[in-house]
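These notes are about the structure you will find just below.
Just so it is clear, the structure is predicted and the values come from calculations on it, not from any experiment. Note on naming: letters A, B, ... go to the chains in the order of the sequence lines (proteins, then strands), and numbering restarts at 1 for each one. Every heavy atom of this structure was used, including side-chain atoms; hydrogens, water molecules and symmetry mates were not.
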Amino acid sequence: MAVAAFHPSVSQAALLEFLLRIGDNALILGHRVSEWCGHSPALEEDIALSNTALDLIGQTQLWLGLAGEVEGKGRSADDLAYLRDGFDFRNILLVERPNADFGKTLMRQFLFDAWHYLLLRALRDSSDKRIADIAEKAFKEVSYHLDRSRDLVIRLGDGTTESHRRMQEALEDHWPYTGEMFLADGFDAELAEAGVIPAPESLKAGWEEIISEALLEATLKKPADGYMHKGGRRGVHTEYLGFILSEMQFLQRAYPGATW
Amino acid sequence: MAVAAFHPSVSQAALLEFLLRIGDNALILGHRVSEWCGHSPALEEDIALSNTALDLIGQTQLWLGLAGEVEGKGRSADDLAYLRDGFDFRNILLVERPNADFGKTLMRQFLFDAWHYLLLRALRDSSDKRIADIAEKAFKEVSYHLDRSRDLVIRLGDGTTESHRRMQEALEDHWPYTGEMFLADGFDAELAEAGVIPAPESLKAGWEEIISEALLEATLKKPADGYMHKGGRRGVHTEYLGFILSEMQFLQRAYPGATW
Amino acid sequence: MDQQERAFQERIDAGQKIEPKEWMPEGYRKTLVRQISQHAHSEIVGQLPEGNWITRAPTLERKAILLAKVQDEAGHGLYLYCAAETLGISRDQMYEQLHSGKAKYSSIFNYPTLTWADIGTVGWLVDGAAIMNQVPLQRCSYGPYARAMVRICKEESFHQRQGYDALMRMVKGTPAQKAMVQDALNRWWWPALMMFGPSDDASVHSAQSMAWKIKQNSNDELRQKFVDQTVPQAKYLGLTIPDPDLKWNEEKGGYDFGEPDWEEFFNVIAGNGPCNAERLNARKKAWEDGAWFRDGLSAHAEKAAARRASSKIAAE
Amino acid sequence: MDQQERAFQERIDAGQKIEPKEWMPEGYRKTLVRQISQHAHSEIVGQLPEGNWITRAPTLERKAILLAKVQDEAGHGLYLYCAAETLGISRDQMYEQLHSGKAKYSSIFNYPTLTWADIGTVGWLVDGAAIMNQVPLQRCSYGPYARAMVRICKEESFHQRQGYDALMRMVKGTPAQKAMVQDALNRWWWPALMMFGPSDDASVHSAQSMAWKIKQNSNDELRQKFVDQTVPQAKYLGLTIPDPDLKWNEEKGGYDFGEPDWEEFFNVIAGNGPCNAERLNARKKAWEDGAWFRDGLSAHAEKAAARRASSKIAAE
């Protein structure tokens with residue numbers, strides 16, 4: 001396969017890295033969300049969660065498909081999803097954290113959706129048209145994800161004492177994993193400079209606004225600034241990812257080369 | 001590799017089947033027990049469980065090693081453990097059942113140990129010397145496993161109301177999975193006829209005696225005779241096995257041909 | 001039969017639809033509640049065996065298809081619970097009957113999905129048998145149920161084709177893949193045939209349900225139709241139906257086939273299927289673990305209503 | 001210093017061992033309790049990162065070796081809790097201190113084990129550093145601790161060799177395996193160096209512990225020794241130590257090396273390591289979930305004792 005054309009003013013390495021990061025976020029969060037299938041607290045939630053997972057897997061196909069093109073080694077989205085080991089995954093740590101109770105799942109989703117929404121909104125204006133096109137489609141889906149997760153966080157935060165307690169605990173548990181969304185390295189700087197992506201830190205104020213407004217309405221207390229975990233974006237993950245992959249990749253690993 | 005000699009009067013197929021059944025029981029139960037490592041209710045239990053798992057994995061090496069020899073296709077114990085899919089596994093369903101709480105883990109162990117003990121005791125007199133030799137070694141280990149699991153079942157059955165309740169529930173949960181131990185098919189009949197193994201049903205009276213005596217002392221009520229699940233011995237498992245294997249086999253599947 | 005009942009039966013005989021607020025015999029209502037709620041429960045429990053493979057689907061495309069399918073099933077559950085609710089039972093009451101074991105769900109979901117081929121096979125055979133059962137229900141005398149069925153049948157046909165397509169891909173693949181499909185067929189064939197229920201002689205509610213047009217065909221009729229439709233599909237896949245008695249009967253223009261193991265059928269119904277405990281426990285656990293969530297939403301709704309009321313008063 | 005204290009110090013200076021029932025200064029007792037219990041907790045928590053790979057060990061042999069190692073560690077925990085108990089604290093009290101966060105365990109166990117190479121690397125570097133810390137403790141002035149250390153050091157050396165052996169196998173394997181080992185070294189090198197604690201200037205308890213022969217070498221001395229021992233081993237494996245400042249210093253007959261990131265060190269101690277929450281929660285959950293088990297055993301022991309007592313009375 002010929003090496004695909006990429007944005008003329010940025011390095012292939014930077015573009016590939018970005019596409020893996022955004023694609024792996026969708027893949028791994030989609031996996032986590034899909035674990036709820038049939039086990040959620042209400043039928044409407046089963047439907048909504050399957051729908052969210054489905055959107056995220058669809059986005060994965062697009063982002064990793066483009067990543068494979070940019071890489072130019074003939075790897076498909078499936079090859080990238082199913083045949084890389086953990087250290088080659090580039091998702092942030094937040095999305096691989098366990099589902100735990102439904103409150104933790106929802107809070108993880110809300111914290112992620114708010115960022116994902118802003119990121120995709122900006123990516124619609126990417127100087128790389130292929131990225132802008134995918135972002136356009138994904139943005140519509142994720143706008144809906146955000147409406148939904150924000151609404152539920154508000155209702156449960158301002159629900160019973162018990163639902164409030166669980167949502168506050170969920171918020172505190174996940175909070176130290178939100179800082180990674182806004183980290184930038186040389187790849188990010190290069191792509192932001194060329195207008196391919198927004199600078200990660202430029203999304204922070206908007207994110208804090210969405211979060212703060214929702215938490216206020218939810219009567220939840222925003223955690224104090226503190227230590228933030230990182231590592232996923234450079235392939236240093238939590239111990240959870242290995243288990244996700246051993247399950248996800250079983251068939252492709254056990255029956256190499258088979259088509260399904 | 002030359003085809004290894006096997007017991008002159010029995011078919012290779014029957015012998016292989018038996019060795020996979022006994023080897024897979026040890027492997028899968030060893031896996032389940034090892035999941036407790038560092039998570040058990042007392043330090044002494046952590047030690048005892050690691051020890052039990054270690055014995056079972058050691059026995060797996062011997063049984064599956066011999067299975068590979070009998071098969072004569074050059075497959076090692078590791079090949080058999082790591083490169084078969086679920087439908088080729090021959091363990092009984094009981095050993096793949098989830099650990100759940102510590103009471104269920106102990107009860108599963110006791111129900112299995114009592115049978116394993118009797119089986120190995122008889123196999124020491126197998127007309128196939130290779131089997132008799134492995135059984136001799138394993139019998140010593142399993143005698144100790146049985147002493148331990150029986151003792152704990154008695155103490156927890158006759159402990160607090162809560163520990164009694166949990167052990168009774170564990171007993172009832174696992175009971176429908178004990179019938180498979182005593183099933184016989186054509187392979188068993190052939191091997192029993194040749195004195196290679198005891199007839200499965202011949203172990204039943206002894207097993208019931210061990211169980212009944214312990215339950216009496218434990219103040220637990222033996223469940224009524226009822227429906228018994230089966231399938232593992234012919235490769236039809238529960239949904240749990242697939243997850244066990246995806247985890248267990250990850251490295252061998254992801255890095256084919258690597259030596260460790 | 002009193003006059004009201006006679007008039008009711010005449011409407012049914014004339015092919016009219018019965019609608020929620022209209023008078024109906026208590027037996028009609030009860031039969032429908034039992035049947036629709038059982039059907040709804042089946043959709044919900046049916047998420048579990050297929051959901052079991054979502055995280056292990058072999059490609060992103062197959063994962064997406066499976067997710068969409070399971071989502072559709074939850075949606076079917078939703079329509080059906082709504083249809084049942086028009087008969088005066090609440091969804092929570094129906095759940096309670098499911099969790100207590102009073103209400104049943106289709107026994108087919110008490111079988112495990114052991115390989116990826118099972119997912120295709122469930123689509124092909126289980127959805128196939130379900131459609132066979134459900135197509136006549138589009139003409140059921142009870143309006144809300146009939147209309148729900150129209151939508152459900154359309155989606156189920158799509159699922160069936162997707163299942164068949166997944167198997168087609170596998171049988172054209174490696175020998176290991178083809179063997180996996182044959183193994184799945186071996187395990188699912190008889191349970192699928194049993195989905196039509198015991199032979200009509202043994203079936204309790206059939207005659208009255210037929211008169212009420214809640215049921216339109218006999219179990220044996222539908223089973224025969226299913227076999228006749230499925231055997232050629234299996235041949236096309238290059239698979240062997242695990243029934244030594246199966247053979248074409250020129251005279252009747254259909255296949256003769258063996259008798260399912262009804263002892264197994266009644267055992268599974270009695271709770272002794274391979275996964276009865278797992279399925280029911282999974283649903284009960286989902287319900288119990290989710291209580292705080294549902295309570296939280298209710299509490300919020302009450303607060304919000306109170307706020308709206310007081311701001312309305314303040315504005316007046 | 002009063003006479004009793006002086007006599008105590010003289011015995012220590014003379015190289016005598018202090019035994020449980022003998023008089024000792026309160027500070028000596030407290031320091032030992034803190035150190036031994038922290039050491040015991042480290043063994044227990046240390047089961048978790050390695051236990052994380054038992055179910056995924058790549059061969060039966062490696063699985064058995066890892067199981068045996070983790071079992072040994074639990075055994076070390078047991079000796080050490082016993083040694084601490086001789087100083088008048090119960091095991092349950094020590095657990096409570098662990099669970100409440102009052103007592104610490106070695107920060108190294110707050111790092112994740114991400115690949116199989118991490119298991120070998122933990123054996124090589126973490127057990128290696130632990131041995132370096134522990135060998136002098138075999139000559140510690142407190143008898144029970146010193147004797148526990150003799151046994152522990154022997155087993156740890158064995159573990160270290162096994163870890164090194166596992167890595168040797170991998171670096172001789174495929175390029176992917178070798179890369180996995182280098183990646184593991186990159187992640188574990190600095191945390192291993194930090195196992196010796198901050199530079200002695202920054203260390204609080206050192207001087208008194210040295211006088212009491214609870215501690216025998218300075219942190220920096222041991223760290224230097226560890227680096228000097230480990231660098232050639234890394235070279236033999238064909239690996240690169242991730243420290244651009246590392247170079248041989250002919251004059252001092254040892255390696256010069258860079259400064260670990262002490263901010264990270266203090267962050268991990270403060271609870272912000274990658275796995276602090278997971279490790280502590282795992283231990284707390286094990287303890288809480290196991291309460292019924294421990295209560296059951298106690299209740300049985302009481303019943304059994306009562307039965308023995310009453311049958312003894314009956315026999316009299």
For the candidates Val70(C), Ile44(C), Ile65(C), Leu297(C), which exhibits the highest count of non-hydrogen atom pairs separated by less than 4.5 Å from chain A?
Leu297(C)
Tabulate, with distances rounded to 0.1 Å, every donor-acceptor pair spanning chain C and chain A at under 3.5 Å.
from      : atom 1 : to        : atom 2 : distance (Å)
Gly38(A)  : O      : Arg283(C) : NH1    : 2.6
Pro41(A)  : O      : Arg294(C) : NH1    : 2.9
Glu44(A)  : OE1    : Arg91(C)  : NH1    : 3.2
Glu44(A)  : OE2    : Arg91(C)  : NH1    : 3.4
Glu44(A)  : OE2    : Arg91(C)  : NH2    : 2.4
Asp46(A)  : OD2    : Gln47(C)  : NE2    : 3.4
Asn51(A)  : OD1    : Gln71(C)  : NE2    : 3.3
Gln61(A)  : NE2    : Glu61(C)  : OE1    : 3.0
Asp78(A)  : OD1    : Leu60(C)  : N      : 2.9
Tyr82(A)  : OH     : Ala57(C)  : O      : 2.8
Tyr82(A)  : OH     : Thr59(C)  : N      : 3.4
Tyr82(A)  : OH     : Thr59(C)  : O      : 3.3
Asp158(A) : O      : His300(C) : ND1    : 3.0
Asp158(A) : OD1    : Lys303(C) : NZ     : 2.9
Asp158(A) : OD2    : Arg307(C) : NH1    : 3.4
Asp158(A) : OD2    : Arg307(C) : NH2    : 2.6
Gly159(A) : O      : Lys303(C) : NZ     : 2.9
Glu247(A) : OE2    : Thr55(C)  : OG1    : 2.5
Gln252(A) : NE2    : Pro58(C)  : O      : 2.8
Thr259(A) : O      : Gln177(C) : NE2    : 2.8
Trp260(A) : O      : Arg62(C)  : NE     : 2.5
Trp260(A) : O      : Arg62(C)  : NH2    : 3.3

Among Leu43(A), Ile154(A), Leu251(A), single out the residue with the greatest number of heavy-atom pairs under 4.5 Å to chain C.
Leu43(A)
Give, as side chain, backbone, both or neither, the part of Ala81(A) having an atom under 4.5 angstrom from any heavy atom of chain C.
side chain
Select, from Leu156(A), Ile244(A), Leu152(A), the one with the greatest count of heavy-atom pairs under 4.5 Å involving chain C.
Leu156(A)
CG (Leu56(A)) and CG (Leu60(C)) are apart, to the nearest 0.5 Å, by 12.0 Å
Please name the pair of heavy atoms, one in Leu48(C) and one in Gly38(A), separated by the smallest distance, quoted to 0.1 Å.
CD2-O, 3.7 Å
Leading residue by heavy atom contact count with chain A [cutoff under 4.5 Å; candidates Ala299(C), Gly296(C), Ala304(C)]
Gly296(C)
Search all heavy atoms of Ala74(C) against all heavy atoms of Ile47(A) and return the closest pair with its distance.
CB-CG1, 3.4 Å
Between chain A and each of Pro58(C), Gly290(C), Gly120(C), Gly51(C), count heavy-atom pairs under 4.5 Å; write down the option with the most.
Pro58(C)
Contacting region of Leu106(A) [heavy-atom separation from chain C under 4.5 Å]
side chain
Top of Ala176(C), Gly46(C), Ala57(C) for chain A proximity - count of heavy-atom pairs under 4.5 angstrom:
Ala57(C)
